[in-house]
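Some notes on the structure that comes next.
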Amino acid sequence: MNTRLRGSDTASNAKNMLKQAVGIKSMSHSDTESISPQKKPRSMVESLRIGTDVLAFHGNSNEETKMSRQSTMSWTNPQAQNSLANDRSQVLRGQDWYGGSQLMRGNGHDSNGLQLPENLDENDLFTESKRSFSIETISPSSNSQNKLNDYQTNPNIIQNSSSKKVASGTTVGLDCSVYGGPFDQSEYAEIVYWREITTDASFTSPYYNQQAQESISGSFWKPKYLTFEMDDVDLNNARLGLENAMLLAHSMGRTLVIPPRQQIAHGMMDGSGSNQVSFSDFYDIEIIGAKQKGLNIITMEQFLEREGMQGNLRSYLDGESEVLYPPNSRIKWDNQPLGPLWKYMRNVTRTFQWNPNECVLAFPAAGTNDQHLFSMMADVLVGKDGRPFPHYSEYQGHPVNVDAPAIERFREILAGRRKICMYDQRIHDDNPVVHFKTDKHDEYRLITPFYAFSWFEDWRHDLWSKRFIRDKLSFLLPYSQSDFASNIRYRDEVMCLAARIISALRDHAKKKNRGNVNGLYDAIHIRRDDFQQQYPMSEMNASEILTGLKDIIAPGSSVFIVTNERNLSFFASIQEAYDVSYLGDFGAILAGVNPNYFPLVEQIVASRGRMFVGTFLSTFSAYIARLRGYYSVKELRVGYMTGALQNTYLLPIKWKKEYQLYQAVHKPLFGREFPIAWRDIDRLELPTS
């Protein structure tokens, strides 16, 4: 039986108060969206039918730590600013992802989706503040074409006026010339949202013991591990799980074990006819582990050979402690049914029973225990300081400073959760291997945005964690192609493929409208079919969609559509109003490409649209918004200092302006991304490990 882990066995008043105060049950969720590919009848290559909305892959001291500040370097240098002034319009460009479908045919839908809370009214999801506020937006609704033309040729560039020190680093770590183009750096530099911050690569968790984690079998030191299961519903769920697992492994000072290659419900056949995928297909896993200090990464085969076959894994079920070996002594599980492996792993590891919808996973600052954080949670619950329990609407338009006292940052992230989960030294010492399982409708699945689940008492560690997911890393070595390694972003070949699609899309937009000298395009993502069954409030007919678009995108504009709608005649009225493109219109570029790349490319392309209109509650749309958040900071767009995204919208119309103003994390956690992921995260001040 899995053991529930607690921060301490010590009975304390704080914990008793906490237990008494807890009682409100949060929503539980199962899956994020599952997407089906669509057939694309209007392709440049007749046999290639694509264009869908597949989800994205899916020594301690009590003394105050001294902060080391590095030199300040703005995101944009004078040369870049001049380029922008010369209408290169890099600030308006965004990435797209081409949600892919299988060649010649689409995949079926999986009806399993996230569960909304019982008795949840649409008004509970509507997050527009009850307070009165005004937002200065660029809308083509009134005298629309003139305003749109003005915006296309004179983008608003907000210079960084902050006196705070920000992380220095280079902004280009990509060379598409080795992946078939684009060959002009100006055509692919725009898709780079990450930064090269060498000092971040040297940071380790307070729990990391280098001697133990890099020891060999049979040595005195025993390494700690984190194992997890790949979500088999879709690639977007898988990405969310990987983001969480990789950050947790580093934060816990554990070696990360990558699960075997496996089939996922909405994976697509590659050129060899296989629909098995692994994380290494989409991410440079080995390089990430090699570049980041404090993060060791091994395969499941290596783990089983090193620990399982050496008799180091024991059963935890029913209080037994007998040595268990891998099923049939198998260590190679790629492309095999994984049921027996996961049953074994759940038996010989500790599984945390942490529900992201009910608790915040807290990491105490270095040199402290968990007691004061339990006390802090209790104080919040009973209103010790005279304030009521926090509601996310208190922070709408009023973000808490990233370096604010821990209590203030904690209140902002709670999102109605009245429990605190804890990772401390006792949990670390007592559990050689911790495991995160993935079952459909399991409330413990790692499919919540990483920053909405993990919280770090030390604000510097918290900001590092967000840069860790966003950025690439490099050693303090002379530049070479091998010096650049990504964290959780797609492989260079995927990024460059997206850049080629973007270039072609811009060329098309220029030809359609000679006044559109920069080839600007807009992007929309419309999620339909099973999604409307899961979330009836998202249902829209074509007329309603068109009405919502006309208030945002001027008629006649070039629009890139991402959708899982199989019957594209549904968009007939939209195609009459706009110059519409789908992924399938670029079939010549996609020929011979692994179709599992299509959804990744689709999101990148959509994220670089001048305007983006997504579907509320869609995690596919949500990740596009996060990418646009990264770009807004890099390019100093209007609203970047508060985390607002002025050119990102949602449909139905009721949720249109969700991204127009800063909002704190709130439920449903999967329904959108939040500015805390990208706002003011480049403060280069690292805590002492």
Side-chain angles (χ1 to χ4, degrees), residues 3-28 62 117 205-207 244 247-248 251-252 352-395 399-428 430 434 443-444 446 448-463 465 664-667 669 674 676 687:
T3 301
R4 181 165 187 167
L5 301 178
R6 296 173 298 162
S8 172
D9 290 335
T10 305
S12 67
N13 291 333
K15 290 184 180 179
N16 290 333
M17 290 175 63
L18 192 58
K19 292 178 180 179
Q20 294 172 5
V22 170
I24 297 180
K25 182 176 178 61
S26 303
M27 65 167 283
S28 63
N62 290 324
S205 164
Y207 300 105
N244 277 283
L247 177 60
L248 289 173
S251 302
M252 296 177 179
F352 293 97
Q353 306 221 349
W354 292 337
N355 183 348
N357 284 289
E358 294 184 350
C359 77
V360 175
L361 174 57
F363 288 84
T368 66
N369 58 30
D370 63 4
Q371 187 58 48
H372 66 293
L373 294 184
F374 280 111
S375 297
M376 182 179 70
M377 180 79 253
D379 290 345
V380 171
L381 290 172
V382 301
K384 184 177 180 179
D385 60 3
R387 291 184 288 178
F389 189 82
H391 189 270
Y392 71 85
S393 63
E394 299 174 25
Y395 304 98
V400 170
N401 290 337
V402 296
D403 59 351
I407 180 71
E408 301 305 324
R409 294 188 297 107
F410 185 69
R411 289 176 63 91
E412 183 187 29
I413 201 69
L414 279 176
R417 292 170 288 189
R418 296 173 178 264
K419 297 179 182 179
I420 187 170
C421 298
M422 194 71 64
Y423 190 86
D424 61 9
Q425 194 65 49
R426 179 180 177 83
I427 291 180
H428 183 77
D430 290 351
V434 297
E443 58 189 1
Y444 307 119
L446 293 179
T448 296
F450 69 94
Y451 56 84
F453 181 39
S454 297
W455 178 83
F456 301 88
E457 182 184 11
D458 191 318
W459 65 270
R460 295 159 298 185
H461 193 166
D462 185 74
L463 296 187
S465 72
V665 170
H666 57 267
K667 297 175 184 177
L669 301 178
F674 297 92
I676 196 172

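These values consider heavy atoms only, across backbone and side chains, with no hydrogens, waters or symmetry-generated copies.
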(request) Over all heavy atoms of both residues, which pair between Asp462 and Ser465 is shortest? Give the atoms and the distance, please. (result) O-OG, 2.5 Å
(request) With rounding to the nearest 0.5 Å, note down the distance linking OG in Ser454 to CH2 in Trp354. (result) 8.5 Å
(message) Main chain of Pro364, side chain of Glu457: is a donor-acceptor contact present, judged purely on distance under 3.5 Å?
(response) no
(request) Measure the spacing between CG of Asp403 and CG of Asp458 and express it to the nearest 0.5 Å. (result) 11.0 Å
(request) Report yes or no: does Asp424 contribute a side-chain atom to a donor-acceptor pair with the main-chain N or O of Ile427 at less than 3.5 Å? (result) yes
(message) With rounding to the nearest 0.5 angstrom, report the CG to OH distance, Asp370 to Tyr423.
(response) 12.5 Å
(message) Does this structure show an ion pair linking Lys419 with Glu358, if we count only N-O contacts that are shorter than 4.0 Å?
(response) yes
(message) Return the CE to CD1 distance between Met376 and Ile420, rounded to the nearest 0.5 Å.
(response) 5.5 Å
(request) Give, for atom CD of Glu412 and atom OH of Tyr395, the distance between the pair rounded to the nearest 0.5 Å. (result) 6.5 Å
(request) Using modelled atom types only, decide if a donor and an acceptor are shared between the side chain of His391 and the backbone of Phe389 within a distance under 3.5 Å. (result) no
(request) List the steps, then state whether side chain to side chain contact (heavy atoms under 4.5 Å, CB included) holds for Trp455 with Leu373. (result) CA-CA 11 Å; Trp455 178 83; Leu373 294 184; 4.2 Å; yes
(request) Give a yes or no answer on whether the side chain of Arg418 reaches the backbone of Leu381 with a donor-acceptor pair at less than 3.5 Å. (result) no
(message) Using 30° and 60° as the class boundaries, would you call the ring planes of Phe456 and Phe363 parallel, tilted or perpendicular?
(response) parallel
(request) Using side chain to side chain donor-acceptor pair (under 3.5 Å) as the criterion, list what pairs up with Asp385, not counting sequence neighbours. (result) Arg387
(request) Look at the side chain of His428 and the backbone N and O of Met252, then say whether any donor-acceptor pair between them is shorter than 3.5 Å. (result) yes
(message) Go through it in stages, so that I can follow the logic: the residues are Asn357 and Arg417, the test is side chain to side chain contact (heavy atoms under 4.5 Å, CB included), and I'd like the CA-CA distance, side-chain angles, deciding distance and then a yes or no.
(response) CA-CA 7 Å; Asn357 284 289; Arg417 292 170 288 189; 5.7 Å; no
(message) One pair to check against side chain to side chain contact (heavy atoms under 4.5 Å, CB included): Leu361 and Leu248. What are the steps and the verdict?
(response) CA-CA 10 Å; Leu361 174 57; Leu248 289 173; 3.5 Å; yes
(message) So does Pro405 get a backbone contact from the side chain of Glu408, meaning a donor-acceptor N/O pair under 3.5 Å?
(response) no
(message) Quick one: does any side-chain atom of Asn244 pair with a main-chain N or O of Pro449 as donor and acceptor, under 3.5 Å?
(response) no
(request) Only counting residues at least two apart or in another chain, list the ones meeting side chain to side chain donor-acceptor pair (under 3.5 Å) with Tyr451. (result) Glu673
(request) Any chance you could measure Arg409, atom CZ, to Leu414, atom CG, to the nearest 0.5 Å? (result) 12.0 Å
